[in-house]
Amino acid sequence: MADYTAAQTRPDEFAAANKAYFDEQAHHDHGHGQELGRRNVAAMRKTWPELFDEDETVAMDYACGTGNVSRQLCQYVKAVVGVDISEASVDRYNAQAANQGLEPDEMRAVCAELKGEPGELDGLKFDIVVCCASYHHFPSIEETTRVLASFLKPGGSLLVADIKAEEDGRLLFSEGYHHIVPHKHGLSEEEMRNAFEGAGLAKFETRETFKAKMRSTGQDMQWFVARGVKQVS
Ligand SMILES: C[S@@+](CC[C@H](N)C(=O)[O-])C[C@H]1O[C@@H](n2cnc3c(N)ncnc32)[C@H](O)[C@@H]1O
């Protein structure tokens, strides 16, 4: 198996290491991932119900993987576009959507590494961009947040669900997991606020949502949702 230890200290290699790992993982269906997708979408809907309109809302599911989040989300919005760097995950996402009888204009995924440059995703802009269980895999959440903010319509919201860092900075993933995939040990409210405000998003809010056992360690981890709003200029 590939060893990604170096990527822990080489942010420029995070994307390639993530892609290799999640390409490998795309063929394993974890009930755990589906359950987390269900709980994260439920938490977002409970906290901000006004953001989910099945006749109007166009959503991006960033770092969509095989579609654990999109399959929940698609019931409550008009359309979902998944985006991921793992081709194998995107292929599986689209095959499952077709099996469910969903049309591409309702739910589809594209394989891309977004940079926030004009013309990406055919110039599509979104009412909400959601990103679940992935921020702790990104080398720079400031940069990712800036990119995602550029895909929001004015007044649109970025919604992120992830694992909260422990206040004492305790490691949340076992050492044995480090070589498998690059990641951080959760995210603090301050880091999230700085990233959102740095990307020009207003009205930052965050809520603790649920605790879930991590598959790799069996440890309980606290999840949160965060929201920021793109200002109408
Ligand atoms: C833990 S999975 C989460 C998948 C899904 N959001 C869920 O909740 O089930 C992390 C995902 O992030 C994707 N990813 C990592 N870096 C990325 C990047 N730079 N751009 C897009 N996707 C990325 C991986 O390919 C993987 O599918």
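The structure displayed is predicted, hence computed values, not measured ones. Atoms within a ligand are numbered from 1 in the order they appear, just like the ligands themselves.
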Please determine if [X] has a nitrogen or oxygen closer than 3.5 Å to a nitrogen or oxygen of ligand 1.
X: Ala112; answer: no
X: Ser89; answer: no
X: Asp84; answer: yes
X: Glu113; answer: no
X: Ala133; answer: no

- Task: Examine ligand 1 and decide if any of its atoms is less than 4.0 Å from a heavy atom belonging to Gly37.
- Result: no
- Message: Once you restrict to heavy atoms under 4.0 Å, what part of Ile85 touches ligand 1? Side chain, backbone, both or neither.
- Response: both
- Message: I need the contact type for Cys64 against ligand 1. Using non-hydrogen atoms and a strict under-4.0 Å cut-off, is it side chain, backbone, both or neither?
- Response: backbone
- Residue among Val81, Val83, Val160, Leu158 satisfying side-chain contact (heavy atoms from CB on, under 4.5 Å) with Val129: Leu158
- Query: In ligand 1, which numbered atoms sit nearer than 4.0 Å to a non-hydrogen atom of Asn68?
  - Reply: 9 (O)
- For Ser86, the atoms of ligand 1 under 4.0 Å from one of its heavy atoms are 25 (O)
- Trace of the salt bridge (charged side-chain N to carboxylate O under 4.0 Å, His left out) decision for Arg193 with Glu191: CA-CA 6 Å; Arg193 179 186 292 280; Glu191 276 178 284; over 6 Å; no
- Task: Flag the pair Asp220 and Lys213 as a salt bridge only when some basic side-chain nitrogen lies within less than 4.0 angstrom of an acidic carboxylate oxygen.
- Result: yes
- Would you check if there is a donor-acceptor pair between the side chains of Thr57 and Tyr76 at a distance under 3.5 Å? no
- Does Phe126 have Lys153 sitting over its ring (NZ/CZ under 6.0 Å from centre, angle to axis within 45°)? no
- Measure across Arg108 and Leu124 and return the closest heavy-atom pair with its distance rounded to 0.1 Å. NH2-CD1, 3.7 Å
- Query: Run the side chain to side chain donor-acceptor pair (under 3.5 Å) check on Asp61 and Ser70 step by step: do they pass?
  - Reply: CA-CA 6 Å; Asp61 176 9; Ser70 292; 2.7 Å; yes
